[in-house]
2 protein chains.
Amino acid sequence: MSFNLDQFLPYRLSVAASQVSRRFAARYETEAGLTIPEWRVLAHLNKSGPVSVRDINARVNLDKSMVSRAAMRLEQAGYLRKSTHDTDLRLVVLELTENGRELMKRLGVIAEAFQEELLAELGGDAPILRRALEAMIRQTE
Amino acid sequence: MSFNLDQFLPYRLSVAASQVSRRFAARYETEAGLTIPEWRVLAHLNKSGPVSVRDINARVNLDKSMVSRAAMRLEQAGYLRKSTHDTDLRLVVLELTENGRELMKRLGVIAEAFQEELLAELGGDAPILRRALEAMIRQTE
DNA sequence: AAAATACCGTTGCGATTGCAACGATGTCAA
DNA sequence: TTGACATCGTTGCAATCGCAACGGTATTTT
């Protein structure tokens, strides 16, 4: 019996992830032409409040160079503001502007709606899926 | 209640997929320094026998340019052979060499072992995870 | 049979990515 | 206190990616 790629879990996982990402990107594309890193930074800031690049890097699975560049673009677009930390001058504090919070409010609605669609497609398997994903993520943290 | 990225399914799916891919890549890195596209082409050819670039492109979720370049590198490394189709001259037929089959035999063992690890970590959730992944993939095909 | 159309694989190109190096700042230890 | 080391964010760079265009071949249409 030779190896069968079609039933190989890492492969199926990767295919599913990229297709779901693609579907979702098509949704928020119409609302605002954000890249995935930009979307993640925006979404994280919306929840966390003002934090450093390093903070986001650690929590959002993005290389710090990507966080830095995404933050630059979001700043130029007027969605976030940069400032230096009060006591630690190495830190750059990122914070959403009013425009950023407003955009995120609209994107949040789209995201929730998309997730509802997914959950409906998955039916009762959804909670187990979640648990399985978390188990796989935990394994490397 | 504001949107929470940490519980957003597409995001968790993406994180899980990239971490699992990373873990797996570290395993076969020591056996042969293949990229992900190269690995996929190799694995598919091992199962399918001789097929065209287009065939792989359609089945393995890789752009045809990536299949083409991966095939070029695998050919240079001596793992596959290219030839033209008997009747349709547009088609390039890809086929593993003896070296390629031999490499794939070793990689198959590594892949199976890794998957066993994953399945053990997941326990009884594994079959449901599989079903959920397939459901999400199906939705876009 | 000729012309228009479709398909195949390769290549070029701009954009994105991950890694490593760097300057600047902070912390710790002697 | 000062020197060694760690951490932060940015930048440079090489590698990779996805898309589109291209030349070549096949198929369909008229």
Side-chain angles (χ1 to χ4, degrees), chain A residues 14-15 17-26 29 33-42 44-45 48 50-77 80-95 140, chain B residues 14-15 17-19 21-26 29 33-41 44-45 48 50-77 80-95 140:
Chain A
S14 160
V15 171
S18 67
Q19 294 200 357
V20 167
S21 279
R22 208 174 268 266
R23 272 216 276 165
F24 177 51
E29 166 63 25
L34 297 181
T35 65
I36 288 181
E38 285 160 14
W39 149 257
R40 288 194 188 171
V41 169
L42 196 71
H44 182 71
L45 280 177
S48 69
V51 292
S52 70
V53 170
R54 175 73 185 138
D55 259 303
I56 300 187
N57 162 36
R59 294 176 154 280
V60 142
N61 208 40
L62 285 179
D63 187 81
K64 59 184 181 169
S65 66
M66 267 197 284
V67 175
S68 174
R69 290 192 248 253
M72 188 183 60
R73 290 190 296 264
L74 289 173
E75 185 188 29
Q76 281 170 357
L80 73 74
R81 202 180 0 258
K82 291 183 183 181
S83 54
T84 46
H85 191 272
D86 286 348
T87 62
D88 190 337
L89 298 183
R90 293 172 305 177
L91 302 182
V92 171
V93 177
L94 306 177
E95 174 178 22
T140 11
Chain B
S14 160
V15 171
S18 67
Q19 295 199 357
S21 278
R22 209 172 267 266
R23 271 216 277 165
F24 177 52
E29 165 64 25
L34 297 181
T35 66
I36 289 181
E38 285 161 13
W39 150 256
R40 288 193 187 172
V41 168
H44 182 71
L45 280 177
S48 69
V51 293
S52 71
V53 169
R54 175 74 185 134
D55 260 303
I56 300 187
N57 162 37
R59 294 174 158 281
V60 143
N61 207 41
L62 285 178
D63 187 80
K64 59 185 180 169
S65 65
M66 266 197 284
V67 175
S68 174
R69 290 191 246 254
M72 188 183 63
R73 290 190 295 264
L74 289 173
E75 185 188 29
Q76 282 171 356
L80 74 74
R81 201 179 1 258
K82 291 183 184 181
S83 53
T84 46
H85 192 272
D86 286 349
T87 64
D88 189 336
L89 299 183
R90 293 172 305 179
L91 302 182
V92 170
V93 177
L94 305 177
E95 173 179 21
T140 12

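We name chains A, B, ... by the order of the sequence lines, and we start the count at 1 in each one.
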Subject >> Residue B:Arg54, side-chain atoms from C-beta onward, closest of D:dG9, C:dC8, C:dT10 >> reply: C:dC8
**OP:** Could you please name the option among D:dG9, C:dG9, C:dT10 that lies closest to any side-chain atom of B:Lys82?
**Re:** C:dT10
Subject >> side-chain hydrogen bond (donor to acceptor under 3.5 Å, both in side chains) involving A:Ser68 - partner list, sequence neighbours excluded >> reply: none
Give the table of side-chain donor-acceptor pairs shorter than 3.5 Å for residues 52-59 of chain A, with sequence neighbours excluded, one pair per line with atom names and distance.
| unit_1 | atom_1 | unit_2 | atom_2 | d |
| --- | --- | --- | --- | --- |
| A:Ser52 | OG | A:Arg54 | N | 3.4 |
| A:Ser52 | OG | A:Asp55 | N | 3.2 |
| A:Ser52 | OG | A:Asp55 | OD2 | 3.3 |

Subject >> Sub-4.0 Å heavy-atom contacts from residues 83-91 of chain B onto DNA chain C, ordered by number >> reply: B:Arg90, B:Leu91
**OP:** Tell me, please, which residues at least two apart from B:Arg81 pass side-chain contact (heavy atoms from CB on, under 4.5 Å).
**Re:** B:Glu95, B:Thr97
Original post:
Quick one: side-chain contact (heavy atoms from CB on, under 4.5 Å) partners of B:Ser18, sequence neighbours excluded?
Top reply: A:Asn61
Original post:
What residues, two or more places apart in sequence or in another chain, satisfy salt bridge (charged side-chain N to carboxylate O under 4.0 Å, His left out) together with B:Asp63?
Top reply: none
**OP:** Can you tell me the distance, in whole Å, between the CE atom of B:Met72 and the P atom of D:dC17?
**Re:** 13 Å
Original post:
Mind checking what makes side-chain contact (heavy atoms from CB on, under 4.5 Å) contact with A:Ser83, not counting sequence neighbours?
Top reply: A:Val93
Polar atom pairs between nucleotides 15-20 of chain C and protein, under 3.5 Å, N or O only, would you list them?
| unit_1 | atom_1 | unit_2 | atom_2 | d |
| --- | --- | --- | --- | --- |
| C:dG18 | O6 | A:Arg69 | NH2 | 2.8 |
| C:dC19 | N4 | A:Ser65 | OG | 3.2 |

Original post:
Of all residues at least two apart in sequence or in a different chain, which pass the side-chain contact (heavy atoms from CB on, under 4.5 Å) check with B:Thr35?
Top reply: B:Pro37, B:Glu38, B:Arg73
